[in-house]
Undergrad: 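Quick one: the structure is below, questions incoming.
Residue numbers begin at 1 in each chain, while the letters A, B, ... track the order of the sequences.
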Protein chains: 2
Amino acid sequence: MLSYTEENYLKALLKLSFQNEDKPEAGTNEMAAYLGVKPATATDMLKKLKEKDLVTYQKYGKILLTDTGKKNAIAILRKHRLWETFLYEKLDFSWDEVHEVAEQLEHIQSAKLVDKLEEFLNFPEFDPHGDPIPKANGEIPILAKTLLSALEPGSSCKVAAVKDTSTLFLQYLQKLQITIGTKIKILEVIAFDGSLSIQIEDEEPRTVSMKFADSLFVQR
Amino acid sequence: MLSYTEENYLKALLKLSFQNEDKPEAGTNEMAAYLGVKPATATDMLKKLKEKDLVTYQKYGKILLTDTGKKNAIAILRKHRLWETFLYEKLDFSWDEVHEVAEQLEHIQSAKLVDKLEEFLNFPEFDPHGDPIPKANGEIPILAKTLLSALEPGSSCKVAAVKDTSTLFLQYLQKLQITIGTKIKILEVIAFDGSLSIQIEDEEPRTVSMKFADSLFVQR
DNA sequence: TATAAAAGTTAGACTAACCTAACAAATAAA
DNA sequence: TTTATTTGTTAGGTTAGTCTAACTTTTATA
Ligand SMILES: [Mn+2]
Ligand SMILES: [Mn+2]
Ligand SMILES: [Mn+2]
Ligand SMILES: [Mn+2]
C-alpha cells in the first residue's frame, strides 16, 4: 500500500518522464521543484521508494521508475484523468477547475470505483484537457498531435489538447470559445513576432500570440 | 482547515452523540474505541480539538462538540452520505460496499463538489442505508421510524433504515430481497425467543430472529 | 467509607514527511 | 586542469499522529 505522498512522487516522476521525452530520467532537484518540496526531502523519499523497488536510483545518480513503479504511477494518472472527466462531464465543472479536485480524488483506493467510474463515463479516451486516459491494463491511447505553431498558413485543424494547463490559459480559451474539437484555420503568420491570425469555427478572424500557438496541440 | 484525522474525530463525536440519545456527550475511552486508537491517543487529539474550539472538554471530563465542531461534523456526514448515494445509485455498488469508499471520499475538500454532487443526485434525502442526508445549511431531515421489533403482530410497515450496518446483516437483507421501502407484514411473534414470522412484499412467510427485528428500522 | 475497578492522563518513544544548514560530488567554465 | 557552479546528500530538528507503560482521578462496590 502506497501513502498519499509516495503516490505523488511516483506520479511526478511519470509526468517528468513524459516531459523529458528523450530521456525518461529525472534528477533530485527537478523532482523536488515539481513537487514543491526541498531537495533534501526528495532525497529521503527517493531512498524509500528505492527500498520498495519503485524506482532505480543511486547516490548522485538519475532516477527512473521501475516496472512496478510505472504501473502504479499510471494507475494514479488514470484515476486523475477519469475523475477530471467525471467532474467536467457530469458535474459541470469548467476545465480550469477540475485539476485541483482530481489531485485529491486520484488517491482514493478502490479498484472497483475506478472501473465503475470508467464504465459510467462510457470509457472515455481523453480527459477534458485532451490528455489520454490510461486503460485498466495500463495502455495509454496515443493521438498524433502537433503544436498549433507548427502549422502553415492556410491549413486547418482541430484542437486536440492543451499543452499549458494554467488557469489563465484555460480561461482565455474559454473566452475564445475554444475547446477540445474546435476547428481552427490559420489565416496568416506574422513574421515579425510569430503571432498569427486565425479563424475559430466560423467566427470573425482574430489574432493570437506565438505563446498562444505554442500552448495548444492540434490535429491536422 | 481540518486534517483528515481531526475530521474523523469530529465525525465520531457526532455519531456517538446520536447513539447516546439522552446525553450527547462522549468519554475518552468511548471515542478511542470507536476510532480504533488507544485512549492516550484520543486524549492528545482532544486537547488539540479543544485548542481549536471544536469541542468542550476538560481533564477527566466528558466531551461535547461546540457549535463550530458540530457544523464541521455535519458537513462531513453530509459528504459521506452523498457519496454513498452516488456509489449506490450511479456506480452500482451494493449497500454493503459503499461505506468503506465513502470513508475516504468524505474528506475531499471542495464546496463546489459537494453541492454539485447533491444536485446531480437530485437532492436525495436519505442514503442507501436509509440515513438522513444533512442539507447544505446543516439541517437533517427526520423520519419517524421504529424498530421492527416494536410492532404488534398483524401490523404492516415499510423498511425505513438499517440500524446495524454490518456487512453480514446487509448481505442477509439483500438475500431476503429487503431494501429501503420494502413492505413487511408481521404475522406472528414467538413469545419463547422473540423471533417473528413475517411476510416480505407478497412472498411466502418466513421467520427471522429477534436480533434481526432489533436491527431494522421501519415506518408504520 | 475504604477499597477495588474503570476511566482518563502523562511521559517518553516511534514513524512519516517535512525543514535548514553544512557538506560532498559532479559538471561546467575559465 | 584548476576553479566555480550546480546538483545532490547528510545531519539534526520539527510536527502530526500513533503507541506502551506508568500514573492519577473518578466511580462503583463491598
Ligand atoms: Mn490534471
Ligand atoms: Mn487533465
Ligand atoms: Mn457509511
Ligand atoms: Mn450510510
Undergrad: Starting at atom CG of A/Leu46, determine the distance to atom P of C/dC18, rounded to an integer number of angstrom.
TA: 12 Å

Undergrad: Measure the distance from CG on B/Leu49 to C1' on D/dA16 and round it to the nearest whole Å.
TA: 13 Å

Undergrad: Considering every strand and a 4.0 Å limit on heavy-atom distances, what is the contact class for B/Ala40: base, sugar-phosphate, or nothing?
TA: base

Undergrad: Heavy atoms under 4.0 Å, any strand shown: does A/Thr28 hit a base, just sugar-phosphate, or nothing?
TA: sugar-phosphate

Undergrad: In whole Å, what is the span from the CG atom of B/Leu35 to the P atom of D/dC19?
TA: 10 Å

Undergrad: Quick one: is D/dG8 close enough that its OP1 or OP2 comes under 4.0 Å of any side-chain N or O from A/Thr43?
TA: no

Undergrad: Between P on C/dA16 and NZ on A/Lys47, what's the gap in Å once rounded to a whole number?
TA: 14 Å

Undergrad: When the nearest nucleotide of DNA chain C is assigned to A/Thr41 and to B/Ala26 on a heavy-atom basis, which residue is associated with the more 5' position?
TA: B/Ala26

Undergrad: In whole angstrom, what separates A/Lys62's NZ from C/dA26's C1'?
TA: 10 Å

Undergrad: From OH of A/Tyr60 over to P of C/dT27, roughly how many Å is that when rounded to an integer?
TA: 12 Å

Undergrad: Reckon B/Tyr9 touches a base, only the sugar-phosphate, or nothing at all at heavy-atom distances under 4.0 Å?
TA: sugar-phosphate

Undergrad: Counting only heavy atoms from other residues, nucleotides and ligands, does the tally under 6.0 Å from NZ of B/Lys70 exceed 12?
TA: no

Undergrad: Just do the salt bridge (Lys or Arg N to Asp or Glu O under 4.0 Å) check on B/Asp92 and A/Lys112 with the steps written out, would you?
TA: CA-CA 10 Å; B/Asp92 271 330; A/Lys112 179 162 185 173; over 6 Å; no

Undergrad: Would you call A/His80 and A/His99 a side-chain contact if the rule is heavy atoms closer than 4.5 Å?
TA: yes

Undergrad: B/Lys38 NZ to C/dC14 C1': how many Å, rounded?
TA: 15 Å

Undergrad: Expressed in angstrom and rounded to an integer, what is the separation of A/Asp44 atom CG from C/dT20 atom P?
TA: 13 Å

Undergrad: Any pair with a residue in residues 102-121 of chain B that passes ring-ring contact (aromatic ring centres under 6.0 Å, His included), sequence neighbours left out, goes on the list, sorted by first then second residue, please.
TA: B/Tyr4-B/His107

Undergrad: Could you check whether atom CD of A/Glu103 has more than 12 heavy atoms from other residues, nucleotides or ligands sitting under 6.0 Å from it?
TA: yes

Undergrad: What's B/Thr5 touching, base or sugar-phosphate or nothing? Going by heavy atoms closer than 4.0 Å.
TA: sugar-phosphate

